[in-house]
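No experiment lies behind these values; they were computed from the predicted model shown.
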Amino acid sequence: MISSVSPAAGAPGGGTLVTLTGINFQQATAVRFGTTIATSFTVVSPTQITAVSPPGTGSVQITVTTPNGTSNGVPFSFVGAPAPVLTSLVPNQGPAAGGTAVTITGTALSGATAVRFGATNATSFLVVSATQIVAIAPAGSGTVQVTVTTAGGTSNGLAYTYVMAPSLISVTPNQGPGAGGNTVTITGSGLSGATAVRFGSTNATSFTVVSPTQITAVAPAGGGTVQVTVITPGGTSNGVSYTYISVPSLTSAVPNQGPTGGGNNVTLTGSGLSGATSVMFGSTPATSFIVVSPTQIVAIAPPGTGTVQITVVTPGGTSNGVSYTYVVAPSLISVTPNQGPTAGGNTVTITGSGLSGATAVRFGATNATSFTVVSPTQITAVVPAGSGTVQVTVITPGGTSNGVSYSYVVAPSLTSVTPNQGPAAGGNTVTLTGSGFTGATAVLFGSTPATSFTVVSPTQISAVAPAGSGAVQITVVTPGGTSNGVPYTYTSAPVLTSAVPNQGPTAGGNTVTLAGSGFTGATSVWFGSTPATSFTVVSATQIVAVAPAGTGTVQITVVTPGGTSNGVPYTYTSAPVLTSVSPPQGPATGGNTVILTGSGFTGATAVMFGSTPATSFTVGSPTQISAVAPPGTGTVQITVITPGGTSNGVSYTYTSAPVLTSISPSQGSVNGGNTVTLTGSGFTGATAVTFGFQPAVSFTVVSSTQITAVVPPGSAGAVPVTVTTLGGTSGSVTYIYLAAPALTSVVPNQGPTAGGTTVTLTGSGLLGATSVLFGATPATSFTVVSATQITATAPPGSGTVQITVTTPGGTSNGVPFTYVPQPVLTSLSPTQGPTTPGTTVTLFGTGLTLTNGVLFDSTLVAFTVVSDTWVTATAPAGPAGAVSVTVTSPGGTSNALIYTRVNGPGI
């Protein structure tokens with residue numbers, strides 16, 4: 001509560017120190033002037049606060065706020081004009097000479113009597129409105145504070161900086177092209193904050209302030225000599241001279257060609273050549289140069305190749321280019337072909353470099369009949385007549401090339417061909433004899449080139465005859481010309497129509513009569529790729545041959561000088577061979593299908609299982625038979641019979657059906673996924689384990705008497721389990737699918753954190769329970785009373801947890817159980833009372849919400865739970881003296897506190 005304030009008034013700008021008097025000021029959290037918080041305040045004592053008033057207007061109520069609430073208000077008045085407040089200056093800098101118009105923005109500016117820049121009054125100022133003044137800055141230096149003074153006082157200050165005018169020393173380079181675009185460096189002082197760089201009256205294309213003493217600028221286009229200036233908030237600098245220079249122009253270079261080694265003088269003519277800084281031959285600088293006049297330069301050409309552009313560079317830019325050609329002496333690499341007839345007249349291709357401008361091509365001392373320069377690297381020339389080997393050279397303005405060899409060759413001559421006949425299909429090899437064969441480029445059978453040929457020596461060629469007919473002339477072509485011809489005759493190939501008989505034993509030795517035409521002169525008879533043991537040509541239409549050993553079906557062919565005949569089939573017949581049977585075992589009752597693999601099965605007449613024929617069989621191919629096994633016992637040999645004989649045998653075993661005796665465990669969840677062990681006999685090679693109509697998720701044959709299987713999902717109830725092998729399907733054993741247990745309630749549903757509470761769980765499917773969990777903690781113990789009830793002892797825990805039951809059928813839903821902490825008593829009020837009943841005692845502590853009893857020693861009394869930390873109880877009557885007060889709850893019994901009964905005063 002506030003009783004007074006002193007003083008009760010202050011300036012609108014705030015800052016008045018006031019003293020508040022009252023009570024209960026301790027722990028004050030705020031002092032407000034109306035709705036505005038005091039600038040600051042100090043709690044001097046529970047009865048006094050000093051506070052600094054904030055800015056304000058009119059009459060307001062001062063209040064004090066503590067954790068217990070807000071006090072009454074006492075009046076306080078803001079009297080007098082408010083002090084001005086400045087928020088911005090635009091611009092906030094200007095030249096040291098002053099004269100800049102500055103716009104001042106703020107509040108309470110009406111009636112301003114002074115505007116100061118530091119300690120200096122503005123040259124002049126105009127109050128535009130209560131929020132704006134325009135003032136002319138006086139001369140000054142450095143950074144000063146601008147303030148405004150009114151009847152309400154002097155404002156806060158805002159910074160204004162006096163900037164010195166820039167000063168320029170130099171510009172480098174001080175000249176450049178009229179088109180501009182070059183970068184110059186401007187040096188001086190006071191360049192920070194530059195707003196413009198001018199070349200004469202034209203702004204620089206762009207510029208960058210590198211430091212207070214340096215600016216880089218891109219020169220704009222211009223002409224003549226101009227003054228470069230820099231403008232900053234401090235003013236405009238002095239000017240430094242910059243000269244625009246015209247781009248040089250070239251009109252000629254004399255001479256316009258020279259040696260690749262360079263070193264020759266070249267006179268360049270043009271305009272604007274004064275001040276040239278370089279002369280370039282392509283991208284290579286001249287070895288040296290002299291500027292004779294603005295229209296002439298003499299330069300020494302550097303080494304180079306090809307045609308380049310000569311350019312001149314001056315501060316005004318780079319000139320146009322004039323062509324200059326480096327001329328090299330020609331160099332020859334090859335001449336193709338490098339030989340030809342002595343009569344000449346053939347065309348050759350000369351390859352090398354520097355061949356442009358060739359003036360002559362010579363074969364020895366003789367000029368080519370004619371030539372054409374195709375490119376700097378190629379010439380085609382017509383060879384003149386000559387003999388022997390000569391040097392081919394090329395002459396250009398660059399000199400005479402090296403020589404490459406060219407040989408004049410004599411025409412070839414043919415004397416014979418062996419053999420001088422062959423098949424119309426060609427493909428046979430003939431040998432040609434004669435002279436001058438070296439370098440042969442073609443062998444012709446009539447007008448048809450040989451399929452291929454090889455020059456064995458200057459006097460011999462072997463050639464593969466092409467297809468043809470009748471009699472033709474063979475000729476050889478070399479660089480020396482085309483030879484004379486020798487005759488060669490094409491003959492027809494033989495034709496086969498039949499072979500009798502067309503089959504026989506694999507050992508061979510039987511006689512076969514071949515019929516057809518064109519057999520005269522036969523050189524061989526073939527059974528596939530094997531020659532006949534012997535043969536006799538009976539006539540042009542018949543041959544008798546003795547068959548060699550062989551297998552399968554082959555083609556018989558006859559070979560004569562006319563070629564190889566067509567083929568007629570001949571079949572070698574052999575006994576079948578068995579390599580495998582799959583599967584190699586099956587049930588004693590038979591009826592299963594097996595696959596026999598081997599060879600020679602074509603025409604099979606029987607498949608035997610021991611001495612018993614297969615129930616049926618199918619020849620799938622010469623290498624595979626599928627057969628249905630007959631009934632049988634033990635291990636037997638399977639054989640195949642064909643016209644070629646009886647095969648070797650492969651083993652096949654008749655097996656008994658498996659016997660299943662037990663399954664463990666014999667029950668599990670309807671969700672499946674658990675592993676069971678099957679016991680019995682005959683399990684080897686098991687192909688399936690079935691639960692009712694569902695196959696096991698997976699199974700493993702551990703031994704002939706044991707299988708482990710993963711149970712598939714199923715419906716609640718019993719199903720038969722069977723095992724299937726190649727020997728059949730076993731009898732069944734029973735497996736029971738169990739539904740997961742379900743919980744409906746737990747009584748009681750809370751107990752102490754120390755555990756030990758016995759709870760009764762009610763639900764269904766609880767038989768066979770293997771665990772009871774309180775959250776993740778197992779019950780201390782549990783007893784399955786029936787399929788619908790379990791009693792369990794709660795383990796220690798805290799908070800609320802879910803109780804779940806696990807059986808072979810799975811894990812149940814959860815029901816909540818809450819651990820209640822043991823109550824704790826910390827104090828009693830009062831701690832004593834009369835021996836008569838009825839005194840209300842307040843018990844303070846923790847964990848009291850679920851209090852279910854209050855005892856004074858062993859006497860239960862009436863009580864009321866006010867909160868988790870507060871219970872009231874009615875003390876019972878009793879003799880004078882101390883008693884123990886305790887509280888009980890589902891969390892247990894609290895500690896004891898002493899309550900003392902006191903006898904009343906006697907009279």
Legend entry - For Thr284, all residues meeting side chain to side chain contact (heavy atoms under 4.5 Å, CB included), sequence neighbours excluded: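 Thr284 satisfies side chain to side chain contact (heavy atoms under 4.5 Å, CB included) with Pro302 once adjacent residues are dropped.
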Using 0.5 Å steps for rounding, measure from the [atom1] atom of [X] to the [atom2] atom of [Y].
X      : Y      : atom1 : atom2 : answer
Gln257 : Tyr326 : CD    : OH    : 12.0 Å
Thr351 : Leu332 : OG1   : CG    : 9.0 Å
Asn367 : Ile395 : CG    : CD1   : 7.5 Å
Tyr488 : Ile474 : OH    : CD1   : 7.0 Å
Ile310 : Tyr324 : CD1   : OH    : 7.0 Å

Inset, instruction - Only pairs at least two apart or in different chains count here, so list each side-chain hydrogen bond (donor to acceptor under 3.5 Å, both in side chains) that has a residue in residues 459-487. - result: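 For residues 459-487: Ser457-Thr459.
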Inset, instruction - Name all pairs fulfilling the side-chain hydrogen bond (donor to acceptor under 3.5 Å, both in side chains) condition that reach into residues 586-597, sequence neighbours left out, sorted by first residue then second. - result: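 Found Asn592-Tyr652.
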Inset, instruction - For Val640 and Leu596, run side chain to side chain contact (heavy atoms under 4.5 Å, CB included): C-alpha distance rounded to whole Å, both residues' side-chain angles, the deciding distance at 0.1 Å, then the answer. - result: CA-CA 9 Å; Val640 174; Leu596 304 176; 3.9 Å; yes
[X] side chain to [Y] backbone, donor-acceptor under 3.5 Å:
X      : Y      : result
Ser621 : Thr623 : yes
Tyr408 : Gly480 : no
Thr372 : Val374 : no
Asn320 : Leu250 : yes
Thr655 : Gly586 : yes
Thr506 : Gly550 : no
Thr497 : Ala515 : yes

Do you know the tightest heavy-atom contact between [X] and [Y]?
X      : Y      : result
Pro487 : Val417 : O-CG1, 3.4 Å
Pro384 : Ala368 : CD-CA, 4.0 Å
Ser331 : Leu355 : O-CD2, 4.4 Å
Phe527 : Ala545 : CE1-CB, 4.3 Å
Ala450 : Ala463 : CB-CB, 4.1 Å
Pro255 : Asn265 : CD-O, 3.4 Å

Answer yes or no: is there a side-chain heavy-atom contact under 4.5 Å between [X] and [Y]?
X      : Y      : result
Val476 : Ile461 : yes
Met608 : Ile641 : yes
Asn428 : Val430 : yes
Phe609 : Pro631 : no
Val581 : Ile595 : no
Ser580 : Val650 : no
Thr602 : Val619 : no
Pro548 : Trp526 : no

Inset, instruction - Please check if any side-chain donor atom of Gln309 sits under 3.5 Å from a side-chain acceptor atom of Ser323, or the reverse. - result: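 Yes, a side-chain donor-acceptor pair sits under 3.5 Å.
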Inset, instruction - Determine whether the side chains of Ser405 and Thr389 contain a donor N or O and an acceptor N or O closer than 3.5 Å. - result: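 There is no such pair (donor and acceptor under 3.5 Å, judged by atom type) between the side chains of Ser405 and Thr389.
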Enumerate the residue pairs fulfilling ring-ring contact (aromatic ring centres under 6.0 Å, His included) with a member in [range], sequence neighbours excluded, ordered by first and then second residue.
range            : value
residues 497-524 : none
residues 580-600 : none
residues 337-392 : Phe363-Tyr406

Inset, instruction - List the steps, then state whether side chain to side chain contact (heavy atoms under 4.5 Å, CB included) holds for Thr513 with Gln542. - result: CA-CA 7 Å; Thr513 299; Gln542 189 179 86; 3.8 Å; yes
Inset, instruction - Give the ring-plane orientation class for Tyr490 versus Phe445, where under 30° counts as parallel, over 60° as perpendicular and anything between as tilted. - result: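 Tyr490 and Phe445: tilted rings.
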Inset, instruction - Show the numbers, then the answer: is there a side chain to side chain contact (heavy atoms under 4.5 Å, CB included) between Ile543 and Val538? - result: CA-CA 5 Å; Ile543 291 175; Val538 177; over 6 Å; no
Legend entry - Stepwise side chain to side chain contact (heavy atoms under 4.5 Å, CB included) check, Ile333 with Val404: CA-CA 7 Å; Ile333 299 171; Val404 290; over 6 Å; no
